Protein chains: 2
Amino acid sequence: MSRICSPSKRFEIGLAAHPTFDGEGDGMARIDEVAAAAGVSISTVSYALSGKRSISPDTRRRVEAAATRLGYQPHAGARALAGRRTQIFALTEPLRADTHAPTHMAFVLAASVAARLREYDILLLTDEQASKGMQRVAASDLVDAVLVLDVAPDDERVAIARSLRIPTVFIGIPNDHDGLDCVDLDFEAAAVMAVDRLVDAGHEHVALLGQSEVAYRASNFPPRLRSSMRERAEARGVAHRFDHSGRTTTDVRAVRASVADALDAGVTGFLIHAAEDAHDAALAVIAERRLQVGRDVSVISVATVFDTSRLPSPVDTIPLVPSASCEVAVELAIARLQDPGRAPVVHLIQPEYRTAGSVSRRR
Amino acid sequence: MSRICSPSKRFEIGLAAHPTFDGEGDGMARIDEVAAAAGVSISTVSYALSGKRSISPDTRRRVEAAATRLGYQPHAGARALAGRRTQIFALTEPLRADTHAPTHMAFVLAASVAARLREYDILLLTDEQASKGMQRVAASDLVDAVLVLDVAPDDERVAIARSLRIPTVFIGIPNDHDGLDCVDLDFEAAAVMAVDRLVDAGHEHVALLGQSEVAYRASNFPPRLRSSMRERAEARGVAHRFDHSGRTTTDVRAVRASVADALDAGVTGFLIHAAEDAHDAALAVIAERRLQVGRDVSVISVATVFDTSRLPSPVDTIPLVPSASCEVAVELAIARLQDPGRAPVVHLIQPEYRTAGSVSRRR
DNA sequence: TTGAAAGCGATACCAT
DNA sequence: ATGGTATCGCTTTCAA
């Protein structure tokens, strides 16, 4: 104790050289400055701002006023160190060559927006082996939880998730999801809903125009939708067929050929689970045959992410809403942070049918 | 949910119940544990790992061995607090409706990869008014610098950048870039290069098939390329024309019409600065007229981000490489962090011409 | 309802 | 070449 214990370098300078300079308005105020301005202790400031213990209305107001006036923003690092919470979620997104950019972007965006609504930021995990990134950010306590995008049926991130000491939420459902928190559209229910619409309208031969071939290996939901469609069609006793919309990405010629084939085979009800350009191609073939959607043939777009109002003719849809999935994912993450012991949840979002007049009674 | 989490479960348990349990191998070792394992002080560990002062080869090895064995990862929050560096860059990306998703995603990705190469992570700034996000992360010392994507000619983030106390780097060049660090492809040079190729090959009437109309208002580089093309064509004494490829996004019919018009008007050299589908449409019109690219007409794709090998016929390109821009951006940010006083830099990446045989000598 | 003070886990200064 | 320790700015006990 031979030295005078100065609280901070900043303070020293303040006393010695710039006694009145306080950095007001530049957003670098610290909690002790807010405390001084409000005439309370720093713990009171902390509690008043976090609401973690009751504060007299009067004190709270003074603290809030001071904080606002000084443009106080808690230091993220200090908060993380003392509070053991970073208010950051990692978002892992593997980058396969066949990734549909617009859809992917919609999910990244939705995740970011959903997180911000609950006071979280999103840290991107791309490059490196997804697993290494997850381990790195978890081990360094950089993030509070991990959100997993673009889930594969047999995803390597499942094993990592189980080994991490921070929560992980899957947006998509891996085959082995034991003990994991997951959220996704209920693709099975969506397929059932769509098939039922067609069959109820009297269609006796239905076709599914699906995603690209790789999607059925690399992603988790296309197979779920396809097998559910098949089962339901069989259960309802109608003929059914299935075609990919390309090998790795939409192949317009393949789509045109498959739709033509289907029409030749007597298909009258189409279910499309593909990208926007595949819709365009399919509708074009139908139009070229002088057939009218909603009269001669029926079409339903399933798990649609793009804006169907730009299609040449209106189409009924069962939309896949990124913001819905991401909001649930954020809630699941927060819930598990609050209670690590709660039972794991697979949250299936119920599909919603939007009519546009593309399904007509079969005569 | 009314339960309060105990602040330091680790500490409590460690002392009270499991005195020797140390969580080896699960990546939660702290610096003092590494120090003990290596038989040195914590400051030695810190220096050995950061390389900020010389360490005897022997101790360095012991420290590294201990760190590896314990799976030591420095606590991000503690490091940020003590070291005043978070190793995180914010990436702001405004989300206009006309954003070309694949290109945008390529840049986000490239930024993330480039950052990781220099030990930085990327925090996404999407939702909220871009300015508020920037201010928030800067004021809370959440990030070391900000990277700005999708720069508008008159970008609101320019003003914010000037008011922040952390560095900002623009990937794109706003009109008013005084004192700012910017990086971008040299679009002017690219246009000159392309026009020269065509004119040198004997073409006397050239056309630019540009981006969508909004892009010329909302983004910074389309106008730069367009005016440079115009000037160069005039300087070289050849006739020139310009058309958008749509209003807000590619409009295939508009593209077809404009290419047809151009051909009727005697254009023999095309410069395309548009999305992939616009290329397809343009090449289709040419093919339908029984004209052959590289013989009857010449085509150059400028500032191309997608993979042109998928086009129906090979096309010369002057590529826009996201990773190149983003790597420079990261370097600029790091350079400014190291030396806040250095002169601001507008780094123009020199265009590179890639031949594919789509430009032929005009006979 | 409030305040004082003990950490949180690193970095980097000052010694030796 | 290495070690001791003040410090970063907050959260949360413990005391009053």
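Here is the naming used below: chain letters follow the sequence lines, and residue numbers restart at 1 for every chain. Keep in mind the model is a prediction, meaning the values are calculated, not measured.
- More than 12 heavy atoms of other residues, nucleotides or ligands sit less than 6.0 Å from atom CG of B:D339.
- If you measure from atom OH of A:Y72 to atom C1' of D:dG9, you get 7 Å, rounded to the nearest angstrom.
- In this structure, CG of A:L142 is placed 20 Å from P of C:dC8, rounded to the nearest angstrom.
- In this structure, the NE2 atom of A:H75 is 12 Å from the C1' atom of D:dT7, given to the nearest Å.
- Atom CZ in B:R30 sits roughly 13 Å away from atom P in C:dG7 (whole-Å rounding).
- Computed from coordinates, the B:I55 CD1 to D:dG3 C1' distance equals 11 Å when rounded to whole Å.
- At a threshold of 4.0 Å, the pair A:R336-A:D144 does not count as salt-bridged, since none of the basic side-chain nitrogens sits closer than that to a carboxylate oxygen.
- In terms of modelled atom types and a separation under 3.5 Å, the side chain of A:E33 and the main chain of A:R30 share a donor-acceptor contact.
- Checked options B:I334, B:V146, B:I166; the residue passing with B:F89 is B:I334 (criterion: side chain to side chain contact (heavy atoms under 4.5 Å, CB included)).
- Relative to the axis of its first five pairs, the axis of the last five pairs of the helix from C:dT1-D:dA16 to C:dT16-D:dA1 sits at 30°, rounded to 10 degrees.
- Heavy-atom distances under 4.0 Å link DNA chain D to B:I42, B:S43, B:T44, B:R53 of residues 42-53 of chain B, given in residue order.
- In B:D178, the CG atom is not crowded: 12 or fewer heavy atoms of neighbouring residues, nucleotides or ligands sit closer than 6.0 Å.
- The shortest distance between the side-chain N/O atoms of B:R84 and the OP1/OP2 oxygens of D:dG9 is below 4.0 Å.
- Side-chain proximity of A:S56 to the nucleotides C:dT2, D:dC10, C:dT11 is greatest for C:dT2.
- Atom CZ of B:R79 and atom C1' of D:dG9 are 18 Å apart (whole Å).
- The side chain of B:A82 lies closest to D:dC8 when the candidates are D:dG4, D:dC8, D:dA1.
- Mapping B:G83 and A:V40 onto DNA chain C by nearest heavy atom places A:V40 closer to the 5' end of the strand.
- For B:L81 and B:R62, each mapped to the nucleotide of DNA chain D holding its nearest heavy atom, the one lying further toward the 5' end belongs to B:R62.
- Each of B:L142, B:L124, B:V143 was compared with A:D121 under the side chain to side chain contact (heavy atoms under 4.5 Å, CB included) criterion, and only B:L142 meets it.
- Between the CD1 atom of B:I31 and the C1' atom of C:dT11 there is a distance of 8 Å, given to the nearest Å.
- With hydrogens and angles ignored, the 3.5 Å screen pairs a side-chain donor or acceptor of A:R157 with a backbone N or O of A:L149.
- No salt bridge links A:R61 with A:E64; every basic N to acidic carboxylate O contact stays at or beyond 4.0 Å.
- Not one N or O on the side chain of A:R79 forms a donor-acceptor pair closer than 3.5 Å with the backbone of A:R85.
- Put simply, CG on B:D32 is 15 Å from P on D:dT5, counting in whole angstrom units.
- Each of B:A78 and B:P57 lies near DNA chain D, and the nucleotide nearest B:P57 is the one positioned closer to the 5' end.
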